[in-house]
Structures are given as C-alpha cells and as structure tokens.
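Below is one structure, written out as structure tokens; comments come after it.
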Amino acid sequence: MSDAPPLRLESVARRFRTEAGELTVLTGAELTLSAGEIVALVAPSGTGKSTLLHLAGLLERPDAGEVFVAGRAAGTLSDDARTAIRRTAIGFVYQFHHLLPEFTAEENVVLPQMANATPRPAAEARARQLLGSFGLEGRGHHRPGRLSGGEQQRVAIARALANAPRILLADEPTGNLDVGTSDLVFEELLSAVRGQGVAALIATHNPALAARMDRVVTLRDGRVVPG
C-alpha cells in the first residue's frame with residue numbers, strides 16, 4: 001500500500017526470560033511514523049528503547065502485536081523475507097559506526113547497495129553523491145582508521161541511506177562524539193533525512209537534539225507516550 005505509513009507498531013509486546021523470572025519490557029506499545037517525519041525517542045536506560053528499535057527494524061519479533069512496514073505485516077514473514085525488507089526499506093545508524101575497517105569509506109557505502117543487487121557503477125556513483133553531501137569529498141578512498149570520529153559517523157549515516165530506505169532507525173547516533181562534532185553531524189543527519197523524505201525514529205539522551213525533531217515520545221510502563 002503506497003499510501004500506508006512507512007512504519008506502524010500496533011499493540012506490540014516483548015518479554016524476556018531471566019533468572020529472576022519473566023521480564024516484560026513492552027506491553028501494548030503503539031507508534032506510527034509518517035513519511036518525512038523525524039521522531040525523537042527519549043527514555044531512561046533500561047526502559048526498552050533498544051528493544052523498540054530492534055522490533056521496528058525487524059531484528060526481533062514481538063511476542064504479541066504487529067509491526068507494519070509500508071502497510072505490510074512483518075510478524076509472520078520468513079527470516080529471508082524480513083531480511084529483504086531490512087535491506088530495501090530500513091536503514092540503521094548506531095552510536096558506534098560499525099564500519100568495515102578493511103574497506104574504504106566509499107566501499108562501505110557501496111557494499112549494502114551491491115547486496116541489494118545495485119550494479120557497481122551505480123552504487124559507486126550513489127556513494128560518491130552521499131559522501132559529498134556530508135562534506136567527505138576526497139575522503140572516499142580512506143579506510144575508517146584514517147578518518148576522524150565525526151567523519152566515520154558521517155560515512156555510517158551515508159551507508160544507512162545508501163539504499164534509499166523509507167525508514168531510518170538510529171540509536172544515539174552522535175552519542176560517541178564531542179559536543180561540537182555531535183551538533184554538526186546531527187544537523188547533517190536531519191538535513192539528509194528530511195531531504196529524502198525518510199521517516200526516522202532516533203533514540204537520544206540529549207534533550208537539545210530531541211528538540212530539533214518533529215515530536216518527542218518516551219516509554220512509560222511498556223508503552224509509547226508523548227515525551
């Protein structure tokens with residue numbers, strides 16, 4: 001359904017078994033992201049932020065409820081089908097860049113496109129365009145170890161956007177950077193996401209960064225509520 005929201009969580013629950021017994025992290029969590037909307041997820045540690053992101057990104061399955069990606073229910077899909085959705089429709093950015101150290105910056109952005117069957121020339125052109133939009137002209141042939149922390153995270157964001165996803169999920173994407181670099185990289189992230197019309201859910205502990213987004217949500221008693 002082309003007019004369906006990019007992401008919708010409906011009555012999602014997630015429980016874990018621990019030595020102390022069953023731990024309920026999410027219960028009846030609901031969230032809808034519209035195209036081009038950037039939502040901040042601000043909640044104390046241990047309340048389920050990462051779990052919510054993992055469910056939204058189809059890295060985990062809910063114990064109850066459903067996750068819809070562009071109107072498609074993903075809960076009962078095969079692992080291969082869920083992987084295909086992640087590859088084509090969802091981009092991830094983490095606090096630590098997780099770039100492949102043996103590949104150049106450009107190659108790190110090319111590889112996910114080639115995994116998605118994009119011909120190499122087109123993937124390289126897309127990588128150069130994205131890296132250029134983050135001010136990394138001339139840095140594409142450097143391996144991650146020769147890039148600054150801010151440059152590495154810019155490459156990670158470019159990689160997340162490489163396949164033109166409908167959804168971007170980010171977990172403290174600038175949390176490992178100093179304040180000045182964090183502000184610059186975050187502004188570039190917002191600009192890129194808005195420019196591509198991506199629906200984004202960004203977890204952050206920084207209220208100043210959260211205030212730059214379209215709305216803020218938090219987790220309370222296992223549910224998503226306005227922040």
Side-chain angles (χ1 to χ4, degrees), residues 1 4-77 79 81-83 85-86 89-96 98 160 165-177 182 186 189-190 193-194 198-227:
M1 295 175 61
L7 178 68
R8 181 163 65 89
L9 276 60
E10 184 179 278
S11 301
V12 167
R14 188 73 171 101
R15 298 178 293 273
F16 297 94
R17 294 190 181 279
T18 70
E19 292 182 359
E22 190 172 81
L23 174 66
T24 298
V25 177
L26 297 174
T27 173
E30 303 207 348
L31 177 67
T32 298
L33 296 186
S34 301
E37 182 183 31
I38 304 174
V39 177
L41 174 60
V42 181
S45 298
T47 55
K49 291 196 305 297
S50 293
T51 297
L52 186 72
L53 288 170
H54 289 170
L55 291 169
L58 309 187
L59 296 172
E60 297 180 22
R61 294 179 188 266
D63 295 303
E66 186 57 274
V67 177
F68 295 89
V69 177
R72 185 181 184 187
T76 59
L77 295 177
D79 288 341
R82 287 163 64 88
T83 297
I85 292 174
R86 284 198 302 272
I90 304 172
F92 297 88
V93 183
Y94 300 98
Q95 180 173 350
F96 300 97
H98 297 304
R166 296 191 63 176
I167 302 161
L168 181 80
L169 303 172
D171 195 354
E172 298 287 348
T174 61
N176 197 41
L177 304 175
S182 172
F186 195 79
L189 169 60
L190 294 183
V193 168
R194 288 198 170 103
V198 180
L201 180 62
I202 302 177
T204 180
H205 281 106
N206 188 326
L209 296 184
R212 299 190 202 177
M213 298 186 234
D214 298 320
R215 61 185 169 106
V216 179
V217 298
T218 189
L219 291 169
R220 188 173 301 128
D221 297 326
R223 297 175 182 270
V224 179
V225 298

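Predicted, not measured: the structure shown is a model, and the values here were computed from it.
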Main chain of Ile38, side chain of Asp214: is a donor-acceptor contact present, judged purely on distance under 3.5 Å? yes
In this structure, CG of Leu7 is separated from CD1 of Ile167 (nearest 0.5 Å) by 4.5 Å
Are Glu37 and Arg215 ion-paired here, with the side-chain N under 4.0 Å from a carboxylate O? yes
Does Leu59 reach the side chain of Phe92, with side-chain heavy atoms less than 4.5 Å apart? yes
Give me the atom names and distance for the closest heavy-atom approach of Ser34 to Ala199. O-CB, 3.2 Å
Can you measure from CG (Leu33) to CG (Leu169) and round to the nearest 0.5 angstrom? 8.0 Å
Looking at side-chain heavy atoms only, is the closest gap between Val193 and Ile202 below 4.5 Å? no
Leu52 side, atom CG; Arg223 side, atom CZ - distance, nearest 0.5 Å: 13.5 Å
For the CG atom of Asp221 and the OG1 atom of Thr27, what is their distance to the nearest 0.5 Å? 9.5 Å
For Thr51 against Arg14, the heavy-atom pair lying closest together: CG2-CG, 3.7 Å
Search all heavy atoms of Ala70 against all heavy atoms of Arg166 and return the closest pair with its distance. CB-NH1, 3.1 Å
Rounded to the nearest 0.5 Å, what's the gap from CG on Leu31 to CG on Leu55? Could you check? 11.5 Å
Correct closest heavy-atom pair for Val25 and Gly48 would be CG1-CA, 3.5 Å
Can you list the steps and then say if Phe186 with Asn206 is a side-chain contact (heavy atoms from CB on, under 4.5 Å)? CA-CA 11 Å; Phe186 195 79; Asn206 188 326; over 6 Å; no
Pro226 backbone acceptor or donor facing Arg220 side chain under 3.5 Å: no
Check the pair Thr204, Glu172 against side-chain contact (heavy atoms from CB on, under 4.5 Å), reporting the backbone distance first and the verdict last. CA-CA 5 Å; Thr204 180; Glu172 298 287 348; 4.0 Å; yes
Checking side-chain contact (heavy atoms from CB on, under 4.5 Å) for the pair Leu77/Leu58: CA distance, chi angles, key distance, verdict? CA-CA 10 Å; Leu77 295 177; Leu58 309 187; 5.9 Å; no
Does the side chain of Leu201 come within less than 4.5 Å of Leu53's, by heavy atoms? yes
Counting neighbours of CZ on Arg194 that are heavy atoms of other residues, nucleotides or ligands and sit closer than 6.0 Å, is the number greater than 12? yes
For the residue pair Ala160 and Pro165, what are the closest heavy atoms and their distance? O-CG, 3.4 Å
Could you tell me whether a side-chain N or O of Lys49 sits under 3.5 Å from a main-chain N or O of Ala43, the two making a donor and an acceptor? yes
NZ/NE/NH1/NH2 to OD/OE distance under 4.0 Å, Asp79 and Arg61: yes
Val69 to Ala89 - nearest heavy-atom pair and separation: CG1-CB, 4.2 Å
Side chains of Glu30 and Ser11, donor plus acceptor under 3.5 Å: yes
Look up atom CZ in Arg15 and atom CG in Leu26, then write down how far apart they are to the nearest 0.5 Å. 10.5 Å
Passes side-chain contact (heavy atoms from CB on, under 4.5 Å), Val224 versus Leu219? Steps please. CA-CA 5 Å; Val224 179; Leu219 291 169; 3.7 Å; yes
Side chain to side chain contact (heavy atoms under 4.5 Å, CB included) partner of Thr47, chosen from Ser50, Pro44, Ser45: Pro44
If you define the side chain from C-beta out and look only at heavy atoms, does anything of Leu9 sit under 4.5 Å from Pro62? no
Closer than 3.5 angstrom, by distance alone: can the side chain of Thr218 be matched with the main-chain N or O of Val42 as a donor-acceptor pair? yes
